[in-house]
Amino acid sequence: MSKKYVLIVDDDPDMIETVGMMLESRGYEVGKAYDGIEGEMSVRARRPDLLILDVMMPRKDGYVLCSDLKKDKATQGIPVILLTAVGEAVSATSFSHLDGMNTEADDYIPKPVDTATLVKSIERLLN
Amino acid sequence: MNGIKLRGIKLLNNCAFLSGTSRADPVFVQNVCSGLAAQEVNLAILTHIADGDMGAGRTSLCMGASMVTTAFVCMKPGTGSDGSLQLEPEVGMVSIFPHEQRPDVMGRLVGVLAGEDIVPYAIASSPSALSVLVPSTKSESLTQNLFGPFEFPAWDTPREWHAAYTGQEQILKEIICSYHEEIIKVYNITSLPDLSFWRLSVGIEDLGGLGAALEDMQDLGLRIPFLIGHSAPEGQICFALCLAGTDLQRAGRVFSDRLPKIDPACSERVAAFTMHGPHFGDRFGIAHALIRSLRKAGIKPLAISCAMSSMSAIVGAADLDDSIEALRGNFDILS
């Protein structure tokens, strides 16, 4: 059986490295993109089975990218997990939780990410 | 010369740099970090090289410019009468990634600094990124001059990159301090058990030679999982790096070929560990928690590099298991 392909989009390279390592050790194939535009290009170049998106990124933030992908028939079926900073940090920025809910992401997990929660979410969305 | 393909650059301006040594205070770095934690100072970079046969150890920090006075007050008392202190209030931090432990990425970056005649205040490595602190007047030109020696598929020119990043610093500033767990969460800890630890001090005139040496190491298939550097008195730049223990002789030959006047100090049988994803830069107190944990276990790190989201330390190989055990008792390791 071929490995499920998970694309991680985050502007924090250590975060990508960490989550990527964790997923690879669990048998997933991992793709990496370092900002929203690169993430979108990667999705269109090779459709992932699941997308993990950071919210605050240069060029195109995670909310906008998620929203764009969910509006596009070609990509709206890709499950998206949004990762972001905890509530009090988000509310201090221009990135509100309401914006997050409007993106129609399939799950929304606060950082620091609990590994078990992330894996459970991935497995639920892929099955 | 083809550019080395990387994926990203980050520039953070409006930072400050503070660096100090202490000959009198054996727990200097611990006391400094304790003060910074109490004052809720977030750090963008922390590097530390312990005392050794190349002189007193040094601890270097980068923080938001508005916090430098607070940080200075934390560091000053420990330097004593024979220590030294350097404060630079206007600093830019340039980070490139991912380096994938490739010596040529590190060498090329050092070569760009040499070509621009820039003495870096500090260099730090994380598992994926290399960060360099330079005078803020040089940060823009440094980022521009990275295009050529490096290629970034997302941007063909520095101008494109700059346009994409305009406004991003404000967003980063809005997130003041995000995490307040009682026990700090860390995604995982990885370790490398059999390394050699090299320290060398070079002048600006030898920076190009060091860059070439590192590029030679790439040709030999070597990997560098840890690299830090900081400016020191008399215009010297002190570097500390790790290589696989089995690469000891090959690395020694490269250094003597490229830097014949420099005599690096090498310690065998060291180990490295990295705490991944504790969101180092967003969370005051985390460096203190690391150093306090090790100190309680009686372990003195040879070097520390904290940058991006991660924290790495070099310890004696015999101390590796105890180090990780100490961290497991003080951090919430999620996997």
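Just so you know, these numbers come straight off a predicted model, no measurement behind them. Order of the sequence lines fixes the chain letters, A, B, ..., with proteins taken first and strands second; residue numbering starts at 1 for each chain.
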Within a 6.0 Å radius of atom CG on A:Leu126, are there more than 12 heavy atoms belonging to other residues, nucleotides or ligands? yes
Considering all heavy atoms, the nearest A:Asp12-B:Met308 contact: OD1-SD, 4.4 Å
Interface moiety of B:Thr190 toward chain A, non-hydrogen atoms closer than 4.5 Å: side chain
To the nearest 0.5 angstrom, please state how far the CD1 atom of B:Ile9 sits from the OH atom of A:Tyr34. 14.0 Å
Would you confirm whether B:Arg7, through its side chain, and A:Lys32, through its main-chain N or O, come within 3.5 Å as a donor-acceptor pair? yes
Cut-off 4.5 Å, heavy atoms of chain B, and the answer for A:Met21 is side chain
Taking all heavy atoms of A:Asp35 and all of B:Trp155, pick out the closest pair and write down the distance. OD2-CZ2, 3.9 Å
Please check if atom CD in A:Glu29 has more than 12 non-hydrogen atoms from other residues, nucleotides or ligands closer than 6.0 Å. yes
Separation between CE of A:Met15 and OH of B:Tyr187, rounded to the nearest 0.5 Å: 3.5 Å
Does a sphere of radius 6.0 Å around CZ in B:Arg159 hold more than 12 heavy atoms from other residues, nucleotides or ligands, not counting ones at 6.0 Å or beyond? no
With a 3.5 Å distance limit and no angle check, can you tell me whether A:Asp14 reaches the backbone of B:Ser128 through a side-chain donor-acceptor pair? yes
